[in-house]
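Structure first, then comments.
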There are 2 protein chains.
Amino acid sequence: MKFFGSSVSKTTLKTASLPQAKTLDPTGYDEEGAALQMGELSELLGYVLKRAQLKIFDDFLRCMAPLQLTPAQFSVLLLLDRNPGRNQTEIATTLGIQRPNFVAMLDGLESRDLLTRMRSPSDRRSHVLMLTDKGRATIARAKKLVATRHEARLIELLGPDEHKALLGMMTKIATEF
Amino acid sequence: MKFFGSSVSKTTLKTASLPQAKTLDPTGYDEEGAALQMGELSELLGYVLKRAQLKIFDDFLRCMAPLQLTPAQFSVLLLLDRNPGRNQTEIATTLGIQRPNFVAMLDGLESRDLLTRMRSPSDRRSHVLMLTDKGRATIARAKKLVATRHEARLIELLGPDEHKALLGMMTKIATEF
DNA sequence: TATTGTTATACTCTATAACTATA
DNA sequence: TATAGTTATAGAGTATAACAATA
């Protein structure tokens, strides 16, 4: 499902420049004829929200290119750093990831030596997840990249107060809507 | 790519209740043990933005269930209503949809008799897109559903001023970031 | 040559059912 | 029985290459 497209593929993850919706020139007319009327679309929160989200993810990817981490991978490492010793179900559920889909994701991170799976001694069904030293170093670097390159640009664009307000509204929608 | 999952499939489109990230109870502890620390994640705009977007799309789908329109389909019909007589490339490009992916989408809408493709007399390569009467009636009903059920709830949650400010910030990110 | 619509294709994300090994 | 991790699979969304018809 989508309002429209554009995202960055994981394979092309190096740093891709994304195709995006046509932006009108100042005259409101494009090369060949009259510009299209966006109508109610520009007042529809879901529409602009989706577009903004794609932009932000794309920028996140660019900023994180040196570490080759997707937003999802970043969120997993961050959660593991803060919550060592949790099992797959706990981490996946917290992030809204289906357990089956989490398996391949962990395979990838584990094969890059960023985390380890250990059978729990107390419950041998579950895997205790722990960042490796490399994983801890990576998430530390990643957080710096996000803060200095990504979030800093966002705050610069919006202003610190608006940025803060925006965070609050998004959280409200995410939790109360 | 994702921060985490949860969305509504088009097949299940009737009205689905979505699996979502665990919400903590007021104590900050869940059933089995300590709640997970979200850490920097709750301050990361991309993260909360994505979560909010999923919530909003899910609600959009529920509100639009009587008409069985996805956000993407809604945006196409809306654009066609405002801009009759455009060709596929123009509509697709404006919405950020790849032309190849637009074909199946139009097939679906055309088979539901919501729009028509006509070969342009002036340029026989291109298809002129027009809403049918049913298409116009449908988008009219859809706009009412969105306004009264979907956007109204959002405005109620945020307050009209905040909602307006949010729209502005999202547009800014979508166009200037 | 270039463009429009199209087909074919591939990769990602998401969801569900069902298996296994444990409990 | 129920749960954790897993496999298999299917449906969407998205991206690119290449073709036929037309310009």
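Salt bridge annotation for A/Arg82-B/Glu40: present, with a cationic side-chain nitrogen under 4.0 angstrom from a carboxylate oxygen.
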Pairwise N/O distances under 3.5 Å, protein to nucleotides 19-23 of chain D:
from	atom 1	to	atom 2	distance (Å)
D/dA23	OP1	B/Arg124	N	2.8

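A pairwise comparison of heavy atoms in A/Cys63 and A/Leu145 identifies O-CD1, 3.6 Å as the closest pair. Heavy atoms only, all atoms of each residue included: B/Ile56 and A/Gly46 are closest at CG2-CA, 3.8 Å. Shortest non-hydrogen contact noted between A/Leu69 and A/Met64 is O-CG, 3.3 Å. Pairing each heavy atom of A/Arg119 with each of A/Arg124, the nearest pair is NE-O, 2.8 Å.
Atoms OG1 and CD, from A/Thr116 and A/Glu110 in turn, are 7.0 Å apart once rounded to the nearest 0.5 Å.
Following rounding to the nearest Å, A/Phe102 (CZ) and C/dT16 (C1') show an atom-to-atom distance of 19 Å. Between the CE atom of B/Met105 and the P atom of C/dG5 there is a distance of 15 Å, rounded to whole Å. In this structure, CD of A/Gln98 is placed 19 Å from P of D/dA8, rounded to the nearest angstrom. Summarising the geometry, the separation between NE2 on B/His127 and P on C/dT3 is reported as 18 Å, rounded to the nearest angstrom. One interatomic measurement links the two molecules: CD of A/Glu110 to P of D/dG5, which rounds to 12 Å at whole-angstrom precision. Nucleotide D/dT6 holds its P atom 7 Å from the CG atom of A/Leu106, rounded to whole Å. Rounded to a whole Å, the CG atom of A/Asn87 is 14 Å from the C1' atom of C/dA23. Protein atom CG of B/Asn101 is 15 Å distant from nucleotide atom P of C/dA8, rounded to whole Å.
Scored by the side-chain contact (heavy atoms from CB on, under 4.5 Å) test, A/Thr148 finds no partners at all (sequence neighbours excluded).
The A/Ser126 side chain lies nearest to D/dA4 when the options are C/dG5, D/dA4, D/dT6. Residue A/Pro100 has its side chain nearest to C/dT16 when only D/dG5, C/dT16, C/dT6 are considered.
One finds a side-chain N or O of B/Arg117 lying less than 4.0 angstrom from the OP1 or OP2 phosphate oxygen of C/dT6. Under 4.0 angstrom from either OP1 or OP2 of D/dA4 there lies no side-chain N or O belonging to A/Gln88.
Each of B/Asp107 and A/Arg99 has a nearest nucleotide on DNA chain C; the 5'-most of these lies closest to B/Asp107.
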